[in-house]
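Since the structure comes first, as structure tokens, the remarks are kept for the end.
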Number of protein chains: 2
Amino acid sequence: MAPRTADTSAETILHAASTLLAEEGPSALTVRRIAAAAGGSTMNVYSRFGGKDGVLDALYVEGFTWLGDAMRRVRTTSDPLADLTRCGRAYRSFALAHPTHYELMFDRYVPGYEPSPDAKAAAIRALSMLADRVRKAMDADQLRHGDPMATATVIWAAQHGPVSLELKSAGPPDTNWEGVHRVLTQAIINGLA
Amino acid sequence: MAPRTADTSAETILHAASTLLAEEGPSALTVRRIAAAAGGSTMNVYSRFGGKDGVLDALYVEGFTWLGDAMRRVRTTSDPLADLTRCGRAYRSFALAHPTHYELMFDRYVPGYEPSPDAKAAAIRALSMLADRVRKAMDADQLRHGDPMATATVIWAAQHGPVSLELKSAGPPDTNWEGVHRVLTQAIINGLA
DNA sequence: ACTATGCTATAACGGCGTTATAGAAGTGGC
DNA sequence: GCCACTTCTATAACGCCGTTATAGCATAGT
């Protein structure tokens, strides 16, 4: 049974790393711990992912896949502007549900890590999902016309600001971050209309 | 001449660390390199700053001091709303001029580092400088009345979003970040008026 | 002059990412 | 059946990190 040892496949390693990231945060993401959690040796990580950065890239893409899915799950109604507002709420929910993935994706929590071009492409793909909804709103004359990608970037930046600060609990300790996020999202959508 | 060795005072160490951070980025901030750049031994860093986190705290406070100074330098006119817009520009200029300090302050670039309560207090102090200007705008009936600190946090979040993304060159490579920042700042100030 | 104190530099410890090395399992030819 | 040969594995080593222990030396007090 089993080819030779326990099945330390790429999926097993990735799952172990993802769990480690979710449960103990980025500092638990060491090659030795990932390999031990997956039941294999450190070299296994190197042969399958080329090193720590390869695993981080996979987790990065995993995060953007989840974020893209969350955006996709937002229902599309006849009011594209309301849909965009709901996208904002979904964005914040994603960040609060997967804070460590969010930090890996958007704050450079892991020191030497820089996402590979492929990984960045996955990020842009998630952004274009937002751009699609922006385009819909433009077509419905609910948003000022222009480059949908550029407008989507503005909305994204308005999301990232409060969410990023909330996750690192910056600012006054009694800050109502849900309120900050709501006000900011509303202001930017009104401002672009 | 000289007490005993070269003057590896706290200021010398801090200056060496700050230069290292500015010129080579956070990854150059190792205790050994800081000590060598300051002309002393590693123990020097420990006796004067208690460890690496102590130095990071000092750099963190240094960054917020600079940011506070930049906010203070924005001229105060009879149009508080225009002053706030200028504060936004000053904020982005600061981030672009001191990107590595900004990342230390706002993105958790350095892995295990968490700012001490004192350091966080310095951050809140810089934020209340923005809150003062918000209060002025409220007194002039240019902004909706409310808690100035909360409103300042909203404005801050609107600044941090685009600036943070720009610094890590996220998003489409041809993004006009100055434009994103301008649109977002204008939208949030209009939205709060 | 001599002890005591405090600061210094060096060395060591455990852990990190990564690389080199050696061993075991599978494969093809004869 | 047996022997190279390839391939994947696990272990150990290297140089770095933050931190701590240790030993040396300059000053202060008497």
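Order of the sequence lines fixes the chain letters, A, B, ..., with proteins taken first and strands second; residue numbering starts at 1 for each chain. The basis for the numbers below is simple: all heavy atoms, side chains too, and nothing from hydrogens, waters or symmetry mates.
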Distances under 3.5 Å between protein N/O atoms and the N/O atoms of nucleotides 13-19 of chain D, please, pair by pair.
from, atom 1, to, atom 2, distance (Å)
dC17(D), OP1, T30(B), OG1, 3.4
dG18(D), OP1, L29(B), O, 3.4
dG18(D), OP1, V31(B), N, 3.3
dG18(D), OP1, K52(B), NZ, 3.1
dG18(D), OP2, V31(B), N, 2.9
dG18(D), N7, R32(B), NH1, 2.6
dG18(D), O6, R32(B), NH2, 2.9
dT19(D), OP2, Y46(B), OH, 3.0
dT19(D), OP2, K52(B), N, 3.0
dT19(D), O5', Y46(B), OH, 3.1

Given atom [atom1] of [X] and atom [atom2] of [N], what is their separation to the nearest angstrom?
{"X": "M43(A)", "N": "dA22(C)", "atom1": "CE", "atom2": "P", "result": "14 Å"}
{"X": "D57(A)", "N": "dG17(C)", "atom1": "CG", "atom2": "C1'", "result": "16 Å"}
{"X": "I34(A)", "N": "dA10(D)", "atom1": "CD1", "atom2": "P", "result": "16 Å"}

Inter-residue atom distance H181(B).NE2 - L96(B).CG, 0.5 Å rounding:
9.0 Å

Would you tell me if any nitrogen or oxygen in the side chain of N44(B) comes within less than 4.0 Å of OP1 or OP2 on dT8(C)?
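Checking N44(B) against dT8(C): at least one side-chain N or O falls below 4.0 Å of OP1 or OP2.
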
Salt bridge K168(B)-E103(B), side-chain N to carboxylate O under 4.0 Å:
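Looking at K168(B) and E103(B), the cut-off is not met.
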
Can you sort out the partners of D57(A) under side chain to side chain donor-acceptor pair (under 3.5 Å), two or more places apart, ordered by chain and number?
Y113(A), S116(A)

Could you tell me whether the side chain of T100(A) and the main chain of L21(A) form a donor-acceptor pair under 3.5 Å?
yes

Check whether S93(B) reaches the backbone of R89(B) with its side chain - one donor and one acceptor, N or O, closer than 3.5 Å.
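Yes: the side chain of S93(B) pairs with the backbone of R89(B).
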
Pairs touching residues 44-71 of chain A that satisfy ring pair (Phe, Tyr, Trp, His ring centres under 6.0 Å), sequence neighbours left out
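Every ring pair (Phe, Tyr, Trp, His ring centres under 6.0 Å) pair that includes a residue of residues 44-71 of chain A, provided the two are not neighbours, is Y60(A)-F64(A), F64(A)-F106(A), W66(A)-H98(A), W66(A)-H101(A).
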
